[in-house]
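Just so you know, these numbers use all the heavy atoms, side chains as well, and skip hydrogens, waters and symmetry mates. This one's a predicted model, so the numbers in the text were calculated from it and none came from an experiment.
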Amino acid sequence: MVRCTKSSYGAKLSTENKKSSVAALTLAAVGIVYGDIGTSPLYTLRAIFDQEHGLPLNTPNILGIVSLIFWSLTIVVSLKYVTLVLRADNRGEGGIMALMALATTSVSRSSRWHFPLLVIGVLGATMFYGDSVITPAISVLGAIEGLEVAAPGMSHYVVPLAVVVLVLLYSVQRHGTAGIGRFFGPVMLVWFIALAVMGVINIAEAPVVLNALNPWHALRFMLDNKLLAFVALGAVVLAITGAEALYADMGHFGRKPIRLAWFAICFPALALNYLGQGGLLINDPGAVENPFFHQLGIWSVIPLVLLSTMAAVIASQATISGTYSMTKQAIALGLLPRMRILHTSESEIGQIYIPAVNWAQLAIVLIAVIGFGSSDELAGAYGIAVTATMMATTILTFFVTRYRWHLPLALCLGATGFFLVIDILLFSSTTLKLFHGGWFPLLLGSVLLTLMLTWKRGRELVFENLEKHAIPLDAFMDSLFVAPPARVPGTALFLRGESDGVPHALLHNLSHNKVLHERVVFLTVHMREEPWVPAEEQVDIVELGHNCFQLNVQYGFKDEPDIPGILRQCGGLGLNFEMMETSFFIARQTVISAPGRGMAPWREHLFAMLSRNARAAADYYQIPPNRVIELGTQVEI
């Protein structure tokens with residue numbers, strides 16, 4: 001008989017709980033992380049063998065294409081992202097913004113690389129926005145296009161039905177995904193099982209397709225077809241779309257569940273399905289009109305349309321949520337103006353909804369669906385956004401491995417250089433589609449890049465102006481209390497920028513009201529280039545004398561700004577606040593464009609417009625509106 005001591009029994013329970021948690025996170029990762037790449041079999045082979053490309057449909061070409069897809073999944077997703085890039089976490093967080101912050105802090109601000117790295121990161125982020133627009137459009141269109149296989153007369157209803165599905169999807173975003181999110185993992189697990197089963201059935205009918213596992217077929221295809229192969233490579237990229245998502249979602253699931261979900265479920269299912277579709281085309285070349293929906297015969301089309309539509313909606317939901325998260329990070333890093341952010345879950349802080357982003361994205365998605373009209377047409381627009389983000393990720397990863405991890409230069413160049421060559425090859429192939437849809441994400445990315453860099457530069461000019469005219473706080477406080485003004489009961493809290501001297505709101509208050517509160521607190525919010533700041537490191541109080549204090553608050557770009565919460569933390573440090581006796585003084589800046597200064601006039605006017613429409617600081621920092629006093633000030637740039 002085996003006896004368990006109390007401690008060994010507790011350790012056993014802890015191990016079982018840990019295993020259960022990993023299993024739950026792995027299932028959730030299957031639903032959220034791999035929705036995008038998981039729906040790629042809907043349209044990839046169909047796009048590659050599109051008649052417009054002129055690629056002959058024969059066994060050597062089919063083996064070559066399937067081999068290219070398999071080895072692209074192996075090298076780009078398995079080796080680059082799952083093995084290497086997932087190691088480059090910023091305090092557990094991933095994604096292009098977190099990687100940019102990691103890379104820029106790896107070099108000094110005075111380094112010649114700092115600004116180029118910032119631009120590369122922002123460019124990668126804007127391409128992610130392009131990806132997040134095209135993913136819902138191409139996924140939903142690709143799923144509903146299955147109706148054309150069951151009933152060719154339904155082709156006129158594909159776009160209207162896609163529009164209805166997308167409008168409904170974006171309309172329910174304000175309610176959050178807490179209710180339906182629990183079904184994402186099981187539905188996508190069924191989807192991947194269906195992909196694997198269909199693949200096995202078709203491989204059994206054409207086992208010759210297994211030769212595609214030999215990389216020689218991919219190499220021979222490229223050598224034999226040259227330009228045609230290069231064109232086809234731009235469509236092969238469709239099989240690896242969504243690779244960036246697994247890195248971006250690392251903070252939600254962790255490395256282990258993401259890796260486990262990929263190697264145990266998603267990669268085998270995708271590989272089997274692409275092999276199966278290849279086997280189907282070898283046996284039945286007529287299925288090329290839509291290989292995915294021909295895999296099991298006409299009886300399966302309607303069930304597959306329903307299942308693929310659910311999978312497409314889940315894939316779209318993942319990119320929509322990713323866009324909200326990316327926007328929140330960009331705001332915190334000073335790349336976008338403050339926007340209204342709503343929380344859709346009381347328990348999950350990461351579940352947010354940004355109305356302005358939601359409706360703007362829906363409008364652009366609908367333009368893409370109606371303007372392009374089919375998944376084949378959208379395929380040209382898709383790859384260029386994905387490969388541009390991949391290149392940005394590879395370049396930033398080099399700087400992290402070299403300057404943060406301090407690995408040998410040869411190793412850093414060898415590892416990231418290998419992937420960069422592949423990224424450049426894939427990106428170059430997608431640029432052939434520049435005039436066939438590729439311009440769309442580039443135009444969208446250019447607009448967003450202009451907005452982000454204009455906002456960042458405009459804020460720098462505002463800070464420079466304020467700093468130039470700032471009155472040093474220490475000297476002002478010394479002179480103020482030589483002949484102190486009358487003091488009134490209560491606490492006055494003044495928001496003060498990092499480079500500001502005396503807040504303009506304090507000067508206006510003294511000038512007009514001739515009084516000073518019995519306790520004065522200057523609050524400065526510092527944004528660190530890291531995702532989270534531990535609670536014990538967020539608050540720092542400096543006593544200035546005469547019952548005046550400087551309160552420094554540290555936030556990461558994924559932290560939730562919450563000034564009332566910060567004031568509650570101050571109670572444990574000996575500085576207690578009674579909210580109904582505290583007045584928050586905020587200076588609202590009106591930006592004026594001055595000729596011959598700063599940026600080009602059109603950029604200054606753009607910045608001024610963005611500044612006017614930015615969310616109020618009090619609202620962004622969750623300050624009770626009935627305790628806020630706003631005082632205006634004009635700033636020239």
Do E560 and Y555 meet the criterion of a side-chain donor-acceptor pair at a distance under 3.5 Å?
no
Note to self: Measuring only between side-chain heavy atoms, which start at C-beta, is L510 closer than 4.5 Å to L480?
What the structure shows: yes
Checklist entry - Is L362 close to Q173 at the side-chain level, that is, under 4.5 Å between some pair of heavy atoms? => result no
Q | Close aromatic pair by centroid cut-off 6.0 Å: Y34 and W262 | A | yes
Interatomic distance, CE@M188 vs CD1@I314, rounded to 0.5 Å, equals 6.0 Å
Applying side chain to side chain donor-acceptor pair (under 3.5 Å) to T389 and not counting sequence neighbours gives none
Open item on the list: Check whether R340 reaches the backbone of A356 with its side chain - one donor and one acceptor, N or O, closer than 3.5 Å.
Closed with: no
Are V447 and Y129 side-chain neighbours, meaning at least one heavy-atom pair lies under 4.5 Å? no
Query raised in the report: Is there side-chain contact between P355 and M339, with heavy atoms separated by less than 4.5 Å?
Result: no
Heavy atoms of L567 and L493 approach each other most closely as CD2-CD1, 3.8 Å
Quick check: does any side chain N or O of Q538 sit under 3.5 Å from a backbone N or O of V533, one acting as donor and the other as acceptor?
yes
Worksheet item: With no hydrogens and no angle check, do the side chains of T582 and E578 hold a donor and an acceptor under 3.5 Å apart?
Response: no
Test item: E518 side-chain N/O and G490 main-chain N/O as donor-acceptor pair under 3.5 Å: yes
key: Donor-acceptor under 3.5 Å (T83 side chain, K80 main chain)   = no
Margin query: Does the plane of the ring in Y403 sit parallel, tilted or perpendicular to the ring in F399? Use 30° and 60° as the thresholds.
Written below: parallel
Residues passing the side-chain contact (heavy atoms from CB on, under 4.5 Å) test with P534, sequence neighbours excluded, are R91, E536, E537
Taking every heavy atom of Q622 against every heavy atom of P564, the minimum-distance pair comes out as O-CG, 3.1 Å
- Item | Short side-chain donor-acceptor distance under 3.5 Å, R459 and S611 | no
*Which is it for F419 and L79 under the side chain to side chain contact (heavy atoms under 4.5 Å, CB included) test, yes or no, and what are the steps along the way?*
CA-CA 9 Å; F419 295 122; L79 293 181; 4.0 Å; yes
Value for CD (E581) from CZ (R519), rounded to nearest 0.5 Å, stands at 9.0 Å
What one should report as the nearest heavy-atom pair of A385 and D131 is CB-N, 4.0 Å
### Message
Quick check on R487: does its CZ atom have over 12 non-hydrogen neighbours (other residues, nucleotides or ligands) under 6.0 Å away?
### Response
yes
NZ of K328 to CD1 of I341, rounded to nearest 0.5 Å, is 6.0 Å
Practice prompt. Using a 4.5 Å cut-off on heavy atoms from C-beta on, say whether the side chain of C266 contacts that of I37.
Written response: no
Correct closest heavy-atom pair for S171 and W359 would be CA-CH2, 4.0 Å
Side-chain heavy-atom pair Q569, I566 within 4.5 angstrom cut-off: yes
| request: Any chance you could lay out the side chain to side chain contact (heavy atoms under 4.5 Å, CB included) test for L606 and M609, step after step, and finish with the verdict? | output: CA-CA 5 Å; L606 174 61; M609 182 195 71; 3.8 Å; yes
Of all heavy-atom pairs linking R404 and T105, the shortest is NH1-OG1, 3.3 Å
Flag the pair K456 / V122 as yes when at least one side-chain heavy-atom distance between them is below 4.5 Å, and no otherwise. no
* **Ring geometry between Y324 and Y353 (parallel below 30°, tilted from 30 to 60°, perpendicular above 60°)** => perpendicular
Output for pair (L27 CG, L260 CG), nearest 0.5 Å, gives 11.0 Å
Any sub-3.5 Å donor-acceptor pair from Y247's side-chain atoms to A88's backbone N or O? yes
Q) Side chain of R528, backbone of Q554: donor and acceptor closer than 3.5 Å? A) no
Checking L473 against R496 for the side chain to side chain contact (heavy atoms under 4.5 Å, CB included) test, could you report, in this order, the C-alpha distance in whole Å, the side-chain angles of both residues, the deciding distance, and whether it holds? CA-CA 11 Å; L473 183 61; R496 177 172 174 260; 3.8 Å; yes
Margin query: Using the rule given for side chain to side chain contact (heavy atoms under 4.5 Å, CB included), can you reason through L99 versus T397, listing the C-alpha separation, both sets of side-chain angles and the distance that settles it, and then say yes or no?
Written below: CA-CA 7 Å; L99 186 62; T397 301; 3.8 Å; yes
Open item on the list: Donor-acceptor check, side chain of T319 to backbone of S316, threshold 3.5 angstrom: yes or no?
Closed with: yes
Checking T491, I563, L523, I629 against F584 for side-chain contact (heavy atoms from CB on, under 4.5 Å), the one that qualifies is I563
Contacts of F128 meeting ring-ring contact (aromatic ring centres under 6.0 Å, His included) (sequence neighbours excluded), chain-then-number -> none
Separation between CZ (F585) and CG (L507), nearest 0.5 Å, reads 12.5 Å
Distance col, row L123:CG vs M100:CE, nearest 0.5 angstrom, shows 11.5 Å
Nearest heavy-atom approach of A315 to D36 is CB-N, 3.7 Å
Check: L396 and I96 side chains under 4.5 Å, non-hydrogen atoms: yes
- Message: Would the distance check show the side chain of E604 and the main-chain N or O of M599 forming a donor-acceptor pair, the cut-off being under 3.5 Å?
- Response: yes
Checking F476, F522, F494 against V502 for side-chain contact (heavy atoms from CB on, under 4.5 Å), the one that qualifies is F476
**Asked** Relative to F607, does R603 satisfy both conditions: NZ or CZ under 6.0 angstrom from the six-membered ring centre, and within 45 degrees of the ring's axis?
**Response** no
